[in-house]
Every structure is written in structure tokens, then in C-alpha cells.
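In what follows, a structure is listed as C-alpha cells, so that the remarks can point back to it.
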Amino acid sequence: MTVLVLAQELDRTADGVVEGLIRRGVPVFRLDTSYFPQRLTVEAELSGGRWSGRLVTEHREVDLEAVRAIWVRTPATFILPEGMSIAERDYARREGKLGLGGVLLSLPALWVNRPDLAATAAYKPLQLTTANRCRLATARTLISNSPPALRRFVHTAGTNGTVIKPLGTTLIYEDNTFKMGWTHRLAPDDLADLAGFDVTCHQVQDWADKAHECRVVVVGDRMFAVAIHAGSPESYVDWRADHNSLSYEVIELPSQVQHGIRAFMAELGLIYGAFDFVVGPDGGFTFLECNPGGQFGFLEGISGLPITETLVALLATGGNR
Amino acid sequence: MATLGDNQRQHRMVAVGGEPATFADDPLVSVSGQFSLGCLDTAPPHASEAPSGPATRPFGLRWVRDVGLPTVPSFFRYCPQQQTAVDVARGEPIPPSMALEWTTQSHLDGDEGPSKDYGWETVPDFLP
């Protein structure tokens with residue numbers, strides 16, 4: 001059996017998984033999809049109801065039928081030959097995606113995670129309703145591009161007020177630099193001018209009373225929970241805004257939260273997920289989001305939790321999806 | 001000597017810049033369009049624009065902060081034989097890192113300034 005690791009080259013969290021698999025004697029084929037088509041050849045033939053053939057790079061190749069597990073870390077988009085027209089590139093990118101992606105998706109392998117399921121799970125509105133069905137508490141939420149709807153929502157909020165947070169990532173590139181945004185507590189002054197609220201969807205939620213936050217990394221049947229304590233005003237609103245002020249504590253999750261997380265994972269078909277919760281002064285957990293591709297390296301480095309080893313063990317066992 | 005990572009990064013800048021992502025832009029298909037392919041190494045796109053203006057700039061972007069440009073690591077490179085990072089000078093494997101190590105440099109006002117370290121979480125968890 002071979003484990004296919006779909007990751008970019010300079011990814012040292014992925015290095016840990018690759019090395020763990022090699023230590024176990026499990027064959028690994030690490031691949032960045034950006035290799036296709038210039039540095040990766042795919043040969044796939046349908047026979048007897050399944051695809052056979054191989055993936056070939058300059059340095060190694062893998063038999064498609066030997067692939068038993070696929071870890072989707074962060075593969076990058078195809079790098080097409082220069083000189084193609086925009087129309088040609090669009091066509092080539094689409095055909096490559098449907099061809100290479102389709103062959104890989106058809107393999108009877110354990111996916112961590114299956115990309116289509118991870119992509120669907122990335123929708124926050126879907127996450128929130130799924131969390132509710134799984135008995136995980138959520139904050140009252142508005143998604144809108146209507147300024148009057150925002151004003152109504154804010155005016156009916158409790159004394160804790162509201163926050164605005166992106167539905168995806170806020171990483172943008174402008175002014176020749178990368179910019180990023182985190183959760184922001186809306187102040188009355190913010191509502192004086194709502195220009196730009198109407199140009200796209202915005203997610204606004206009631207502020208969940210917070211003692212600290214908690215990240216839960218789920219790998220198969222295992223859960224790793226770490227309380228994240230803020231040490232600055234910025235990290236109290238969103239811990240990602242000020243890493244240097246944080247302190248961490250490995251915790252046990254309440255059984256109800258564990259059950260909710262397992263149900264959430266099952267409903268969305270996820271094998272791996274990184275959950276974020278607010279933990280209130282009363283110990284209650286409020287679900288914020290689940291990131292199907294969330295980072296875990298920093299958490300392992302800080303806490304010593306054996307997340308990599310757990311992932312390695314899961315991939316090494318393979319299995320049918 | 002350029003590493004494979006460097007070459008890849010240079011190619012990607014060409015590949016990403018200015019091209020319409022029509023397939024992934026389908027507004028109702030799940031974000032990946034079946035098979036997620038991102039550009040997570042945060043290589044700068046080909047071109048940069050300034051913010052458009054108050055009427056058209058999304059409200060949610062009012063609170064973004066400059067996080068600088070990621071620097072290419074100088075002491076390790078990817079080794080396609082070992083499939084992990086190796087020391088640039090000796091070619092020997094280096095231990096995997098679980099630390100916060102995405103280093104960026106602020107370049108506002110042309111000031112190279114001191115390096116700033118940003119954690120893994122500043123790298124987007126999941127890009128369409």
C-alpha cells in the first residue's frame with residue numbers, strides 16, 4: 001500500500017507526516033498538484049470497473065492501485081506551460097482538474113479529507129445548521145448584504161454586542177502586501193457608515209460570552225482539545241490576532257461536546273477537522289467553526305499532543321471509503 | 001542556486017497572475033469545484049491594486065491589517081528524493097518543525113524593517 005500525500009514542497013508539518021510514514025515502513029508518494037502537467041504525468045486506464053495506471057514524476061512513480069490512503073494537505077493549482085492563451089489555459093485547467101482529480105477521487109482509498117466533502121463543509125452557514133442539529137450551541141447569526149438587516153440585527157443583540165467575521169479567509173493581496181483580518185467587535189461608530197456592506201455577504205454574530213477559546217483537532221476517532229487563553233485585548237476578541245500573547249492548556253472535552261463533534265464529522269463526511277469554540281464563564285461551549293483543512297502543527301508544537309503520529313497511524317491503516 | 005521551491009514559486013507567480021479562475025468562480029458549486037487546488041504558499045500575485053474606494057470596498061475589509069510578504073526560507077529546501085525538507089548547505093534532513101515559523105517582512109513605506117513572525121494561523125486554513 002502507498003499513502004499519497006498531496007502537499008506543497010515547503011510544508012514542514014507535512015514533512016512530519018511523511019517522515020512518520022517512512023519510519024513505519026509505509027511507502028509514501030508526496031505530490032504537489034502544481035506539478036501537473038509539466039512535472040507530473042498521469043496514466044489511467046479503466047478496466048474491470050476501476051482505474052489502473054500510474055502517476056509519474058521525475059523522481060518516483062506510484063501505481064494507482066497501490067494507493068490506499070490520500071492526505072489532502074494543501075495542494076496547489078496546476079502550473080501550465082507558458083505561452084498558452086487564456087482560453088487554452090482555462091480549458092487545460094478544467095480538463096486537468098476533472099481528469100486528474102476525477103481519477104484520484106475514484107480510487108478506493110481513505111481520504112483525509114475527501115476534497116469535495118471538505119469543500120462543502122467549508123460553507124459556514126452549513127456548518128452552523130449542522131452544528132445545531134448535532135446539539136452544539138451556536139451564536140445568533142446574520143448573513144446579509146443589507147444595511148437595514150444589519151442595523152436590525154445589531155439593535156436586537158444583547159448587551160454583549162456583536163462581531164463581524166469573515167465567512168472564509170480575509171487574506172488579500174493589495175498595495176503590494178498581504179493583508180488579513182480577524183474577528184472584529186462592532187462598535188456603534190462602525191454602524192454610522194455602512195458603505196460597502198451591500199457589495200457582498202457579511203457574517204455578523206452575537207458576541208458569545210467568553211472565558212477563553214478552544215481548538216479541537218479531530219483525527220479519525222481521536223480528539224485533541226486545547227484551551228487557548230488570551231493575553232491581550234486583540235487576542236481576547238480573536239486569538240489568531242496576537243499569537244505572542246497566548247497561553248495554552250490541554251483539556252478534556254465535555255462528553256456532550258464530544259458527541260456533537262462526532263455527529264458533525266459524520267454528517268459532513270469529514271475524517272479530519274479543526275474546530276474552534278468559545279468557552280463561556282459557565283463552561284458552556286459555543287461552536288464557532290470547523291476548518292476541514294485547519295492547521296495543527298502549531299498546536300502540536302505547543303502542547304506536545306501526538307496529532308502527527310495519530311494522523312500517520314490513520315493513514316497507514318488505509319481502508320475503503 | 002535556485003531550489004525547486006524557488007522555481008515553483010516563480011512559475012506560480014506567472015501562472016496565477018491576471019488569469020480568470022472561471023471554473024472555481026462558479027458561485028453555487030462548492031468552493032473547490034470538486035477538487036480543491038489552492039495557492040496557499042502565499043506567493044504574491046502578479047499585480048497589486050489599491051483599495052477601490054468607500055462605496056465599493058467590502059465593509060468587512062475595513063479592519064484588515066498588513067501582514068507583510070512571506071520570505072522564502074533560506075536554510076532549507078525541498079528534497080524530492082527524501083520528500084521532505086533538507087538543509088540547504090549539507091543536503092541532510094532537518095527535523096520537521098511544528099513551530100510557528102512563517103516569517104514575513106513588513107515593507108511598508110519602503111522600510112525593510114525588522115522581520116515579523118506570524119503564526120501558522122495567519123496562513124489561511126483553507127483556501128478555495
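The sequence lines fix the lettering, A, B, ..., with proteins before strands; numbering per chain opens at 1.
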So which of [options] has the biggest tally of heavy-atom pairs under 4.5 Å with chain B?
options	answer
Ala241(A), Ala195(A), Gly181(A), Pro166(A)	Ala195(A)
His184(A), His202(A), Lys179(A)	His184(A)
Ile307(A), Val204(A), Asp193(A), Thr57(A)	Asp193(A)

Using the test side-chain contact (heavy atoms from CB on, under 4.5 Å), find all partners of Glu309(A) that sit at least two apart in sequence or belong to another chain.
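Expected list: Arg23(A), Arg24(A), Pro306(A), Val312(A).
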Heavy-atom pair of closest approach, residues Ser48(B) and Asn176(A)
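Residues Ser48(B) and Asn176(A), closest heavy atoms: OG-N, 2.5 Å.
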Looking only at heavy atoms, what is the nearest atom pair of Phe178(A) and Gly68(B), with distance?
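Taking Phe178(A) first and Gly68(B) second, the nearest heavy atoms are CB-O, 3.4 Å.
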Residues Glu49(B), Ile172(A); criterion side chain to side chain contact (heavy atoms under 4.5 Å, CB included); working and verdict
CA-CA 11 Å; Glu49(B) 292 181 308; Ile172(A) 62 170; over 6 Å; no
Give a yes or no answer on whether the side chain of Asp15(A) reaches the backbone of Ala85(B) with a donor-acceptor pair at less than 3.5 Å.
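It does hold such a pair.
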Check whether any side-chain heavy atom of [X] sits under 4.5 Å from a side-chain heavy atom of [Y], and report yes or no.
X	Y	result
Asp190(A)	Trp63(B)	yes
Arg65(B)	Trp182(A)	yes
Asp175(A)	Pro51(B)	yes

Considering residues at least two apart in sequence or located in another chain, which fulfil the side-chain hydrogen bond (donor to acceptor under 3.5 Å, both in side chains) criterion with Gln82(B)?
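For Gln82(B) there are no side-chain hydrogen bond (donor to acceptor under 3.5 Å, both in side chains) partners, ignoring immediate neighbours.
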Using a 4.5 angstrom heavy-atom cutoff, name the option from Ala50(B), Pro58(B), Pro54(B) with the most pairs to chain A.
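Option with the greatest count: Pro58(B).
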Which atoms of Leu246(A) approach chain B - backbone, side chain, both or neither, heavy atom under 4.5 Å:
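Contact with chain B is absent: no heavy atom of Leu246(A) under 4.5 Å.
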Salt bridge between Glu174(A) and Arg57(B), side-chain N to carboxylate O under 4.0 Å?
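Answer for the salt bridge query: yes.
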Can you tell which of [options] makes a side chain to side chain contact (heavy atoms under 4.5 Å, CB included) with [X]?
X	options	answer
Gln83(B)	Leu31(A), Leu21(A), Val5(A), Val28(A)	Val28(A)
Thr84(B)	Glu19(A), Arg12(A), Glu9(A)	Glu19(A)
Met180(A)	Asp66(B), Val67(B), Val64(B)	Val67(B)

Under 4.5 Å from any heavy atom of chain A - which part of Ala55(B)
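Backbone of Ala55(B) only, per the 4.5 Å heavy-atom cut-off to chain A.
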Quick one: do Thr200(A) and Phe59(B) satisfy side chain to side chain contact (heavy atoms under 4.5 Å, CB included)? Show the steps, please.
CA-CA 8 Å; Thr200(A) 190; Phe59(B) 182 79; over 6 Å; no
